[in-house]
Q: 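Just dropping this structure here.
Below, chain A is the first sequence line, B the second, and so on; all start at residue 1.
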Amino acid sequence: MSLQLHLQPVPFSRTLNWSLRLVAPIWNRSTRGIHQLSGAVDPESSQKKRRTMLQYLSDYFYDVESLRRYFLQNEMDKVHQKNHSFAHLEETHGPNNAGAFFILKQGGAVKFRDKEWIRPDKYGHFSQEFWNFSEVPVEAVDASDCAINYEGLENLHLLKELQSLSLQRCPHMDDWCLSRLHPLADSLQELSLAGCPRISERGLACLHHLQNLRRLDISNLPSVSNPGLTQILVEEMLPNCKVVGVNLAEGLKLGPEEQPQDTDRPVPA
Amino acid sequence: MSLHPLYDDNYLPPDHSDVVIVGGGVLGLSVAYWLKKMEKQRGALRVLVVERDLTYSQASSALSLGGIHQQFSLPENIHLSLFSASFLRNINEHLAVVDAPPLDLQFNPLGYLWLASEKDAAAMENNVKVQRWVPGTASQLLCGQRYLVTPVPGMEDEGWFDPWCLLQGLRRKVQSMGVLFCQGEVTGFVSSSDRMLTKNQKEVKLKRICEVHVKMDNSQEYQPVECAVVINAAGAWSAQIAALAGIGKGPPDTLQGTKLPVEPRKRYVYVWHCPQGPGLESPLVADTSGTYFRREGLGSNYLGGRSPTEEEEPDPENLEVDHDFFQDKVWPQLAQRVPAFETLKVQNAWAGYYDYNTFDQNGVVGPHPLVVNMFFATGFSGHGLQQAPGVGRAVAEMILEGRFQTINLDSFLFSRFYLGDKIQEDNII
């Protein structure tokens, strides 16, 4: 007796989808295809699987590996592009305007002496009136979240009378960059490095050149190995400066008489 | 590649290789990196690195203090150091491997502080003048009362870093670029020779190395590797490799009889703890007597040592540490310079080799005049680590383009040993 399979007539496109859905999980484990199968995979894990699939593919295909290397190189080139030298503007517009233009292009904010803060909006546009200022020094710079790096800091050297510099959460600021802040030693009074992921205690040690510094913020530095000890050593290094940042009581165990009273618990008789 | 699938011969080097680099330390890996980076077509050059000890237990690169400075008296040294500093600064771009974590060199940018007594003051002033001519250096001259305190913390691009991280980073990158590694020792070269006439009708015998014999560890087995270019980056043991190629075999005072004057010299590094010592911002201080020290970490630990004089040179037979040397020669100088160091306590010590160039303490770079396809990258006498990226690029340029393109190292060629042109470098510790 022969088995007879009764299949309902189904449109061709639905057959294809059905077969892809059945076959896709097996294909993922030992894929040899070039096309992205992420569309056919379970949507929640597609994000995670897409990353591992490219990585997996780059183990087998030189083109995928070269493509990923190309993207990586592209990312690095973009940062370099943002940090090119603005010294050519110095002759025509003066050092303060050239330095301010660099900061504004990066997405930071600038304050000239006796003027208001100039800040770019979310589209990157900013007011162009500062070109008309002549010889007005820049007093404060807020370069938080900017992609400023070692080459870009050379442009900051144009601002000879800078008093306050904020470099919070800058992803490319590292120890090498901190050694490049010394030309600003005469005027810089306030510096904030909070949240920079690459700065460690070695870079903080070379801030001793900044003898006029009055306020230093070193909170939230993930690469610093021992924040409390580092803060004490930095305070010793810069005696005239108020160092803000680390809660020195953090991590200390409370003594027995200082245990917080738990009011919800019934008092033992 | 293997014709005998039943036998596992992964540990053997390949039968043919375009370039064989003898020595897998920081200089050898740097040459391998630049060769692969500058090759015109992807996969054009086949490079093999032969290293005797892949654990790097005696390698100078791993045992180094890791300092980098630009305060030299020779402009070539300054250029090499400047280039190396910019290479290290951008190390995560140069040595980026997809999917690998970024390298943390643990660079400490505090710089060097060279102290000079009055009689050396004039020499130091000259050095600063030379450095000012080179764009990019930022050293300053300070005058103290009794002693001239000279080029002070080069403000940028000077300091110290972790050499092991650089070594591993180079190894990882170089392996991803397709360079082959082999653990073995080079025991012989097979070369072919040719007689030619010079301008003055004198006969000269030119040699060309065709095969390198690589002996495997713990066995008598060796693999002949056919090659086109051999690079001698064997550090403290470069003279033995050169002797295997026949360099120095000949009557003295001739080019054939000029040996490679690089020999291993033992240097000690001591680690001590001193709670009242110099603070977080102290640079690497190099004293007038040749003693140097630097701070390590947050816990008041210091590393330092001293270069012995010619009479005090220790025997380079092994890497045993002589603690009496610290007691008698190093500690008094330290205590004199920094009074707080009278109460220090030694925690640890190790020894490493300098590939010391007895001729003029500067490196040898470039081809040998008679053995035409052996290139040297050795003899840096203690500053090889900080010049490795620059030297690697120079050797790669020499091999691929035929001349030095970016930094002119013509004065570092081998022929100076025969001609007697010493290029003396003063700031060596």
Side-chain angles (χ1 to χ4, degrees), chain A residues 51-52 54-56 58-59 62 64-73 75-77 79-80 149-151 153-154 172 174-183 185 197-198 200-210 223-239, chain B residues 37 42-43 66 68 85-100 102-113 135-136 138-140 152-162 173 176-178 275-284 294-300:
Chain A
R51 223 181 100 237
T52 34
L54 255 188
Q55 287 174 349
Y56 188 82
S58 54
D59 285 337
Y62 281 128
V64 177
E65 191 192 328
S66 303
L67 197 69
R68 294 188 72 202
R69 224 182 299 137
Y70 171 74
F71 285 143
L72 189 65
Q73 187 65 39
E75 290 296 321
M76 301 194 289
D77 287 341
V79 175
H80 278 298
N149 70 4
Y150 187 87
E151 278 91 33
L153 273 180
E154 203 179 327
H172 299 283
D174 58 11
D175 298 330
W176 295 85
C177 302
L178 287 183
S179 71
R180 222 177 196 196
L181 288 179
H182 65 88
R198 292 203 200 171
S200 72
E201 66 270 16
R202 298 173 283 274
L204 292 177
C206 56
L207 291 179
H208 76 275
H209 291 291
L210 306 174
S223 295
V224 168
S225 49
N226 198 332
L229 184 54
T230 312
Q231 167 144 357
I232 294 174
L233 289 169
V234 171
E235 279 173 5
E236 261 179 37
M237 192 169 85
L238 292 170
Chain B
K37 178 134 177 205
R42 203 196 138 108
I68 175 167
S86 79
F87 182 88
L88 293 175
R89 201 186 323 129
N90 297 318
I91 195 168
N92 279 315
E93 291 183 21
H94 290 288
L95 303 187
V97 175
V98 170
D99 289 337
L103 292 169
D104 179 17
L105 266 189
Q106 311 220 343
F107 178 69
N108 197 321
L110 285 169
Y112 272 59
L113 174 64
S139 55
Q140 281 183 7
V152 175
M155 304 283 213
E156 298 165 26
D157 285 350
E158 290 197 353
W160 56 90
F161 61 96
D162 178 17
K173 176 67 177 174
S176 84
M177 286 164 131
Q276 306 300 328
L280 195 61
E281 71 273 15
S282 66
L284 195 153
R294 67 163 169 90
R295 202 191 153 113
E296 172 71 33
L298 291 171
S300 297

Q: What's the separation between atom CD in E65(A) and atom OG in S176(B), rounded to the nearest 0.5 Å?
A: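 Taking CD in E65(A) and OG in S176(B), the distance rounds to 7.5 Å.
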Q: CG/L298(B) to OG1/T230(A) distance, rounded to the nearest 0.5 angstrom?
A: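 Separation between the atoms: 4.5 Å.
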Q: Which answer fits D104(B), side chain, backbone, both or neither, if we ask what part of it has an atom under 4.5 Å from a heavy atom of chain A?
A: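 The answer is the side chain of D104(B).
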Q: I'd like to know if R89(B) and D174(A) make a salt bridge, using a cut-off of under 4.0 Å between side-chain N and carboxylate O.
A: no
Q: Do the side chains of H208(A) and L280(B) get nearer than 4.5 Å, heavy atoms only?
A: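 No, their side chains stay 4.5 Å or more apart.
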Q: Calculate, to the nearest 0.5 Å, the distance between atoms CD and CG belonging to E151(A) and N90(B) respectively.
A: 6.0 Å
Q: Check whether any side-chain heavy atom of V98(B) sits under 4.5 Å from a side-chain heavy atom of F71(A), and report yes or no.
A: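 A side-chain contact under 4.5 Å is absent here.
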Q: Between S200(A) and Q106(B), does the side chain to side chain contact (heavy atoms under 4.5 Å, CB included) criterion hold? Intermediate values first, please.
A: CA-CA 9 Å; S200(A) 72; Q106(B) 311 220 343; over 6 Å; no
Q: Is the shortest heavy-atom distance from the side chain of E158(B) to the side chain of S179(A) under 4.5 Å?
A: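 Counting from C-beta outward, E158(B) and S179(A) never come under 4.5 Å.
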Q: Where on E154(A) is there a heavy atom nearer than 4.5 Å to chain B: the side chain, the backbone, both, or neither?
A: neither
Q: If I measure from the heavy atoms of chain B, does S225(A) come under 4.5 Å with its side chain, its backbone, both, or neither?
A: side chain
Q: Out of E236(A), H80(A), R198(A), return the one with the most heavy atom pairs under 4.5 angstrom to chain B.
A: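 Looking at each option in turn, the highest pair count goes to H80(A).
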Q: Specify the closest pair of heavy atoms between D175(A) and P109(B), including all atoms of both residues, with the distance to one decimal.
A: O-CG, 3.6 Å
Q: May I ask you to establish whether R202(A) and F161(B) are in a cation-pi arrangement, using a distance under 6.0 Å from NZ or CZ to the six-membered ring centre and at most 45° from the ring axis?
A: no
Q: Any side-chain heavy-atom pair from E93(B) and E75(A) closer than 4.5 angstrom?
A: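 Heavy-atom side-chain distance check fails, nothing below 4.5 Å.
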Q: Answer yes or no: is there a side-chain heavy-atom contact under 4.5 Å between Y150(A) and D157(B)?
A: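 Result yes, sub-4.5 Å side-chain heavy-atom pair found.
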